[in-house]
Protein chains: 2
Amino acid sequence: MANLRHRAIETNALDHDAVCKTCWAKTLSFCEPHHTESLRGFFDSATCLKVNPGTVFIHDGAKFPYYFNINRGATRSFKILPDGRRQILSFGFPGTLIGLSQYSNFEFNIEAINEVSLCRFSKDKVDYYSNKHPELRKSLMERMIYELSESYAHAVALGKMSARERLAYFLIKQNKADYKIYGQLNKVTLPMNRYDISDYLGVTTETISRTFTQFESEGLITFIKSSEIILRDRRRLATLAAGAIAASPAW
Amino acid sequence: MANLRHRAIETNALDHDAVCKTCWAKTLSFCEPHHTESLRGFFDSATCLKVNPGTVFIHDGAKFPYYFNINRGATRSFKILPDGRRQILSFGFPGTLIGLSQYSNFEFNIEAINEVSLCRFSKDKVDYYSNKHPELRKSLMERMIYELSESYAHAVALGKMSARERLAYFLIKQNKADYKIYGQLNKVTLPMNRYDISDYLGVTTETISRTFTQFESEGLITFIKSSEIILRDRRRLATLAAGAIAASPAW
DNA sequence: CGACTAATTGATACGAATCAAAAGCGGTGG
DNA sequence: CCACCGCTTTTGATTCGTATCAATTAGTCG
């Protein structure tokens, strides 16, 4: 592991008691159910990292043998096409496990949106402990199933939905994440900017902006500021997000 | 497992020697590396099925505890939106493993395109044997990694590519599959119809048809019949498919 | 408070959808 | 063997949603 591209990352050995017991993402993470004495060695082998905003910490084609669990902050994973077009594949939040699809032929980048803190687990260690503790690999598989189904839902949005529906889908999804992580009920906090949203939803920033304005004038949402939104009519948004309203609003 | 919705399926216990040793998809399947004496019980627990063309054999929300491995034929998995829009998420071919994301909250259907033959493995059995033979669960994870990366690539196509690029992406992908399965080099055989292709690529049949015609007149492909295509310029198609040509052809 | 970047709003263009019709293809039966 | 029917695919004319280009406004930081 020479030539690690981790310049922007500070590394500290993880002290199980100090880090895990105060972990933000504890109840959201794959590792949570495995805090047993026999897996202590597994946790002690992990490392705690910090990544600065805007830093790409996983690079196209770089095969480093780690899983990362997000404890704090938000990430975007994306593919850049040769001419510069960018498709965001997913956003990562506390509890998101990174590195699952690392050894596939599909390569992409992951970048910190704001300041991100991560736990790093060596794949070898995961493998080693998984063979003794099959529940561990099962937890990973469950994470992966989640990623896969999220990706399918994303494909449905990108393939079949209008701009309105895509944005509603995004808001509802984001709202669910916010609820799980921060316990926020009808408020959505957006760590990403409009470019990120548009590159995630396969439309332009202008369209995102116009659609936000539409939603506000229809009473579906209210802006606190451009990155904080109150969902005024979660029901209707969810209906839109499910693709249950064919064309323009008939109300 | 009362009320199995498997009416259209004939079921036969799998005879390891008879079925596996003549299996079409052998070298392509997750089970291939595990034909050892100690896993004999695992294979003997499997069942061989046949599904008729057009039969939906996995239904939205039906949680039956099986994995299916395709031996022969082709499938489409898809999501139907409330108003009838259909997004095809993936096509299955010999070697495709079905049921990986079954217990997620994202529900979809899988349908036989032509006559399909499958091996059915109970999830319990897979779990049981996976705990003794970690390589088995590893094989499943590798399959899942593959599905996930395919889904990401699909999202890139749907989110950022033009109709031309999407179709090129589809042809190249299909060509790779055909090569792996049937050893065909520059020929692509399409078991699915134009509606399937359009619902996979998030465009209309008309656009698919027009783009095929364009490709033919540009010398990129030649039709043998509407479901058999020769790739005349795989290189240029691959370039298109990679999103490396920004707008309309500049040649 | 001014400078820079992000977000919104406006005018126009374009790619793909939609609506409509013709051509091709496979199966059936006289 | 060919005529006819239904379904799939292709081609054509027009519409529409979103992209693009351009400018203004809001927000952030030194």
Side-chain angles (χ1 to χ4, degrees), chain A residues 53-54 76 81 83-87 113-114 157-168 170 188-217 221-229 240 243 245-249, chain B residues 53-54 76 81 83-87 113-114 157-170 190-218 221-229 240 243 245-249:
Chain A
R76 52 187 164 236
L81 295 183
D83 64 350
R85 282 173 285 177
R86 181 184 71 159
Q87 177 64 46
I113 292 177
N114 41 31
L158 294 175
K160 279 273 119 64
M161 289 187 175
S162 68
R164 283 174 65 85
E165 291 171 321
R166 291 182 202 199
L167 189 56
F170 173 75
V188 177
T189 309
L190 304 173
M192 69 292 284
N193 61 31
R194 297 289 188 265
Y195 280 97
D196 292 334
I197 300 174
S198 69
D199 282 349
Y200 179 69
L201 295 177
V203 293
T204 59
T205 36
E206 293 94 328
T207 298
I208 294 293
S209 197
R210 281 184 242 275
T211 310
F212 267 137
T213 308
Q214 266 185 50
F215 281 0
E216 191 167 30
S217 71
I221 60 173
T222 307
F223 279 96
I224 298 176
K225 45 180 200 163
S226 77
S227 63
E228 273 178 43
I229 303 172
L240 249 183
I245 301 170
S248 48
Chain B
R76 52 188 163 235
L81 296 182
D83 65 349
R85 281 173 285 176
R86 180 184 72 159
Q87 177 64 46
I113 292 177
N114 41 31
L158 294 175
K160 280 272 120 64
M161 289 187 174
S162 68
R164 282 174 65 85
E165 290 172 321
R166 292 183 201 198
L167 189 57
Y169 156 77
F170 173 75
L190 305 173
M192 68 293 284
N193 62 30
R194 297 290 189 264
Y195 281 97
D196 291 333
I197 300 173
S198 68
D199 281 349
Y200 180 69
L201 295 178
V203 293
T204 58
T205 35
E206 291 95 328
T207 298
I208 293 294
S209 196
R210 281 185 242 275
T211 309
F212 266 137
T213 308
Q214 266 184 48
F215 281 1
E216 191 167 30
S217 71
E218 288 168 19
I221 59 172
T222 307
F223 279 97
I224 297 176
K225 45 180 199 164
S226 76
S227 63
E228 272 178 43
I229 303 171
L240 249 183
I245 301 168
S248 47

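Numbered from 1 within each chain, the chains take letters A, B, ... in sequence-line order.
- Summarising the geometry of B:R194 relative to B:I208, their closest heavy-atom pair is CD-CG2, 3.9 Å, with the distance given to 0.1 Å.
- Look at A:T207 and you'll find a side-chain N or O under 4.0 angstrom from OP1 or OP2 of D:dA19.
- Across every non-hydrogen atom of B:L158 and B:Q87, the tightest pair is CD1-NE2, 4.0 Å.
- Distance, B:I208 CD1 to C:dG15 C1': 14 Å, rounded to whole Å.
- Counting to the nearest Å, the C1' atom of D:dT18 and the CE atom of B:M161 are 19 Å from each other.
- Judged by closest nucleotide on DNA chain D, A:A163 is the one of A:K225 and A:A163 placed further toward the 5' end.
- Closest approach to the A:E206 side chain among D:dT9, D:dC21, C:dT18 is made by D:dC21 (side chain taken as heavy atoms from C-beta onward).
- Nucleic acid contact class of A:T205 (heavy atoms, under 4.0 Å, all strands): none.
- A:R194 contributes no side-chain N or O that forms a donor-acceptor pair with the base of C:dT5 under 3.5 Å.
- Looking at every heavy atom in both residues, A:K160 comes nearest to A:E165 through O-OE1, 4.3 Å.
- A:G243 and B:L81 get closest at one heavy-atom pair: O-CB, 4.1 Å.
- Applying the 4.0 Å criterion to OP1 and OP2 of D:dT11, one finds that B:T213 has a side-chain N or O inside that range.
- Annotation: of the two residues near DNA chain D, B:Y195 and A:V203, the 5′-most nearest-nucleotide partner is B:Y195.
- A:R210 contributes a side-chain N or O that forms a donor-acceptor pair with the base of C:dG10 under 3.5 Å.
- One interatomic measurement links the two molecules: CG of B:D196 to P of D:dT8, which rounds to 10 Å at whole-angstrom precision.
- Between B:F223 and B:F212, the two ring planes are perpendicular [angle over 60°; tilted spans 30° to 60°].
- Rounded to whole Å, atom C1' of C:dG10 lies 15 Å from atom CD of A:Q214.
- The interatomic distance linking B:L158 (CG) with C:dA16 (P) rounds to 13 Å, in whole Å.
- Rounded to a whole Å, the NZ atom of A:K160 is 17 Å from the P atom of D:dG17.
- Rounded to whole Å, atom C1' of C:dA7 lies 16 Å from atom CD of A:E228.
- Taking every side-chain heavy atom of A:F223 into account, C:dT8 is the closest of C:dT8, D:dT10, C:dA17.
- Summarising the geometry, the separation between CG on A:N193 and C1' on C:dA7 is reported as 10 Å, rounded to the nearest angstrom.
- Judged by distance alone with a 3.5 Å cut-off, no donor-acceptor contact links the side chain of A:R164 to the base of D:dG17.
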